[in-house]
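Take a look at the structure below.
Protein chains get the first letters and strands the later ones, always in sequence-line order, with residue 1 at the start of each.
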Amino acid sequence: MKKMMILVLAVLMTMGVFAGCAAEKPVTEEPAAELSGYEALVERGYVIVGLDDTFAPLGFRTTDGELVGFDVDLAKEVFARLDLEVRFQPIDWSMKETELNSGNIDMIWNGYTITPEREEKVAFSTPYLKNRQVIVVLPESGITTKADLAGKNVACQSESSAYAAIVADEAFTAALDGGAPIAFDTNNEAFMDLEAGRVNALVADEIMAMYYIGEKGVENYIVLDEDFGKEEYGIGFRKGDSELVQKVNETLDAMKEDGAAAKVSTVYFGKDIVNK
Amino acid sequence: MGTISELMGNTVELLNYVLALLPALMSGVVITLKVFAFTLVLSIPMGILVALGRLSRLRIIRRLAQLYIWVVRGTPLLLQLIFIFFGLPMIGIVFSRFNSVMIAFSLNYAAYYGEIFRGGIASIDRGQYEAAEMLGMSKRQTFLRVILPQVIKRTLPAVANEVITLVKDTSLVYILGLSELLRAAKIAANRDVTLAPLVVAGVFYLILTGVFTKVLQQMEERYAYYE
Amino acid sequence: MVLQVKGITKRFKTQIAVKDLSFSLAEGEILALIGKSGAGKTTALRCICGLERVDEGTIVVDGLPLCTEGIYVDQKEVRKVRQKVGMVFQNFNLFPHLSVLENIMESPVRVYGMDKEEAKAKAMDFLRKLDLAEKAEAYPHELSGGQKQRVAIARACVLEPKVICFDEPTSALDPQLSEEIAYVIKDLAKDRNLSVLIITHDMNFAKRTADRVIFMENGEAVEEGRTETLFEDISNERIQKFMSN
């Protein structure tokens with residue numbers, strides 16, 4: 001009896017600590033929050049940008065290990081203008097909001113799609129890039145519309161806005177083989193599964209899908225006219241860091257005005273696709 | 001006709017590509033080895049303590065050791081990493097990324113080593129303790145001079161197994177954004193849209209585990225002088 | 001008297017293993033405790049060595065009490081008493097990872113702080129006497145049962161105890177070897193003036209080795225006497241019965 005009591009107590013305590021993790025969502029109560037006033041950041045002298053360095057072309061590494069990408073270059077320019085040192089912290093994409101809320105990073109800046117669910121958790125900058133959730137198929141598949149995908153397999157990246165977009169279309173999801181999309185760790189894996197013929201289509205950010213297709217050869221894929229909706233990328237901050245959000249917004253606006261943003265866009269996309 | 005030169009050309013291209021990958025993958029290997037070495041150095045002595053705890057005469061210590069082993073072996077290492085890095089700050093305990101990794105890994109492996117050592121210690125004949133006692137040896141001397149050397153020999157194969165598992169488990173630190181070997185390979189794979197970096201990473205893992213297997217084999221041979 | 005045992009009783013849970021056992025052992029004397037397995041003789045021996053604790057009774061070794069009326073001296077004193085008692089276990093309990101020489105030198109060097117060279121010379125001395133000099137570098141698993149036993153004897157003797165105890169010294173040996181070990185034990189007693197306590201169920205061995213014998217049955221001493229008289233006592237039914245088994 002006593003043994004059982006100890007056991008149950010131990011389980012409850014363990015669960016309690018974990019529940020604490022889940023429950024403590026209000027960002028303002030974070031210990032890091034008091035540090036995150038803009039003055040505090042200036043005092044500290046640097047900001048930490050969280051990114052998944054497997055996200056080509058937005059944030060990735062050259063063979064020399066140098067961190068580059070559209071988002072990376074944009075962030076460097078923004079904080080150069082704000083006279084703050086910028087440090088990049090690689091994170092696992094599935095942990096991004098947790099990293100932000102625990103104060104390990106000051107922002108998520110890495111093709112971070114603005115969604116209503118995320119808006120509840122983080123404070124977004126004004127959108128800086130338009131994106132679409134595109135459907136990619138192989139040319140020989142004969143698939144031309146969303147309707148053709150009924151009873152078929154569709155892949156996407158887990159924890160991504162693509163996944164959210166598919167699942168939001170309940171009728172479409174229900175018609176899928178297995179009643180759910182197949183989620184992979186990275187888009188790369190989703191593409192490889194498409195090539196292996198185990199999935200019939202994949203849904204991904206247009207920005208990333210076009211990078212992949214560009215690398216692999218445009219003739220090998222078809223991007224359907226139909227899509228899973230337009231969306232926009234924003235930079236995610238902790239709620240309560242409003243002054244930081246404002247400063248970044250102002251700086252980005254200035255960069256759009258003077259053509260600095262367009263320049264970065266041209267390097268990675270060959271043209272200016274930054275939101276006007 | 002063109003096929004042979006084409007093949008040659010492709011091979012050279014592939015070789016050049018792999019060569020270009022090496023610096024990034026090597027920096028991944030450094031992190032992998034760092035996690036590996038720190039974990040090994042910390043978890044083996046901790047494992048001995050856990051084993052002694054499990055075999056303690058004090059019931060409360062036995063229970064605590066048992067609870068510890070149950071919690072640590074009963075949950076995934078990945079979850080423990082997340083809990084220590086993201087969970088503990090909620091109650092005001094903050095560790096850096098690498099320290100979190102070290103804590104989670106050594107706590108985790110200490111539990112496994114603890115169970116291995118416990119089995120090893122329990123397998124030593126009572127007569128060895130009694131002989132040492134009759135020779136006037138203290139508990140400490142008995143353990144360090146008589147029991148432990150025999151336990152090491154007996155548990156070496158099981159320990160070797162865990163060592164190899166550890167090499168591969170290091171890949172879990174990706175969850176904290178640390179670019180160990182596998183993640184370094186994934187970065188390259190996503191950038192260059194090819195599987196080749198993952199294959200190269202696989203070769204690296206094989207080299208690492210191969211080297212450690214060899215080292216452990218030699219240790220086993222060194223202990224083979226008796227029985 | 002080198003060893004005095006007075007009225008020791010040892011219980012395991014409800015069972016009485018040794019009941020009110022008393023005897024003493026003079027310098028250079030060889031005493032055999034004999035009896036069937038389960039008679040309590042091994043337990044008695046373990047109590048005298050301090051490996052088990054008696055519930056009642058007194059044990060005094062070379063003037064130093066180990067326990068008085070069931071009450072033990074403190075740990076430090078126990079160690080002092082135990083230093084005077086050597087033990088050769090039934091299965092010898094040599095340390096398998098140490099060589100013969102290391103087995104013998106371990107305690108003098110590590111516990112009693114003897115100089116390494118001195119300990120080695122002493123150990124070699126014993127090994128030569130026991131005809132084992134060429135096995136000094138060997139490991140226990142490379143030795144025969146008889147050789148292991150002699151190493152165990154050397155290991156105990158190098159600490160210069162007053163009493164040396166043997167637990168079933170012939171159980172692992174064939175008859176020819178038990179003859180040999182009888183000589184070794186007698187030599188120890190004679191040359192070094194060592195008192196010897198032997199536990200055995202082997203009547204012939206006891207007869208050949210011991211000066212005095214105690215018969216045990218159900219934890220109690222039932223007969224005691226000089227070897228030469230006791231075994232010849234045809235009228236003693238108990239002994240005759242035991243002998244014929």
Would you mind checking which part of C/Val158 comes under 4.5 Å of any heavy atom in chain B, side chain (CB onward), backbone (N, CA, C, O), both or neither? neither
Can you check whether [X] reaches [Y] side chain to side chain, under 4.5 Å on heavy atoms?
X: C/Phe205; Y: C/Leu173; value: no
X: C/Ile104; Y: C/Phe126; value: no
X: B/Phe117; Y: B/Val159; value: yes
X: B/Tyr174; Y: B/Leu182; value: no
X: C/Leu159; Y: C/Pro108; value: yes
X: C/Val85; Y: C/Cys165; value: yes

When every non-hydrogen atom of C/Leu194 is compared with those of C/Cys157, the smallest separation belongs to CD1-SG, 4.2 Å
Pair listing, side-chain hydrogen bond (donor to acceptor under 3.5 Å, both in side chains) test, anchored in residues 198-217 of chain B, at least two apart: B/Glu180-B/Tyr205
Please lay out, stage by stage, how C/Ile153 and C/Leu188 fare under the test side chain to side chain contact (heavy atoms under 4.5 Å, CB included). CA-CA 10 Å; C/Ile153 292 170; C/Leu188 283 176; 3.8 Å; yes
For residues 22-56 of chain B against chain C, heavy atoms under 4.5 Å, the residues are none
Give me a line-by-line list of donor-acceptor atom pairs from chain B to chain C that are under 3.5 Å apart, or tell me none exist.
{"from": "B/Gly127", "atom 1": "O", "to": "C/Asn93", "atom 2": "ND2", "distance (Å)": "3.1"}
{"from": "B/Gln128", "atom 1": "NE2", "to": "C/Leu94", "atom 2": "O", "distance (Å)": "2.8"}
{"from": "B/Glu130", "atom 1": "OE1", "to": "C/Arg46", "atom 2": "NH1", "distance (Å)": "2.9"}
{"from": "B/Glu130", "atom 1": "OE2", "to": "C/Arg46", "atom 2": "NH1", "distance (Å)": "3.1"}
{"from": "B/Glu130", "atom 1": "OE2", "to": "C/Arg46", "atom 2": "NH2", "distance (Å)": "2.5"}
{"from": "B/Glu133", "atom 1": "OE2", "to": "C/Arg82", "atom 2": "NH1", "distance (Å)": "3.4"}
{"from": "B/Glu133", "atom 1": "OE2", "to": "C/Arg82", "atom 2": "NH2", "distance (Å)": "2.8"}
{"from": "B/Leu135", "atom 1": "O", "to": "C/Ser107", "atom 2": "OG", "distance (Å)": "2.6"}
{"from": "B/Gly136", "atom 1": "O", "to": "C/Arg79", "atom 2": "NH2", "distance (Å)": "2.8"}
{"from": "B/Gln141", "atom 1": "NE2", "to": "C/Arg110", "atom 2": "O", "distance (Å)": "3.0"}
{"from": "B/Arg145", "atom 1": "O", "to": "C/His97", "atom 2": "NE2", "distance (Å)": "2.8"}
{"from": "B/Arg145", "atom 1": "NE", "to": "C/Glu106", "atom 2": "OE2", "distance (Å)": "2.8"}
{"from": "B/Arg145", "atom 1": "NH2", "to": "C/Glu106", "atom 2": "OE1", "distance (Å)": "2.9"}
{"from": "B/Tyr225", "atom 1": "OH", "to": "C/His97", "atom 2": "O", "distance (Å)": "2.6"}
{"from": "B/Glu227", "atom 1": "N", "to": "C/His141", "atom 2": "ND1", "distance (Å)": "3.3"}

Using the side-chain hydrogen bond (donor to acceptor under 3.5 Å, both in side chains) criterion, which residues pair with B/Tyr109? Sequence neighbours excluded. B/Asp169
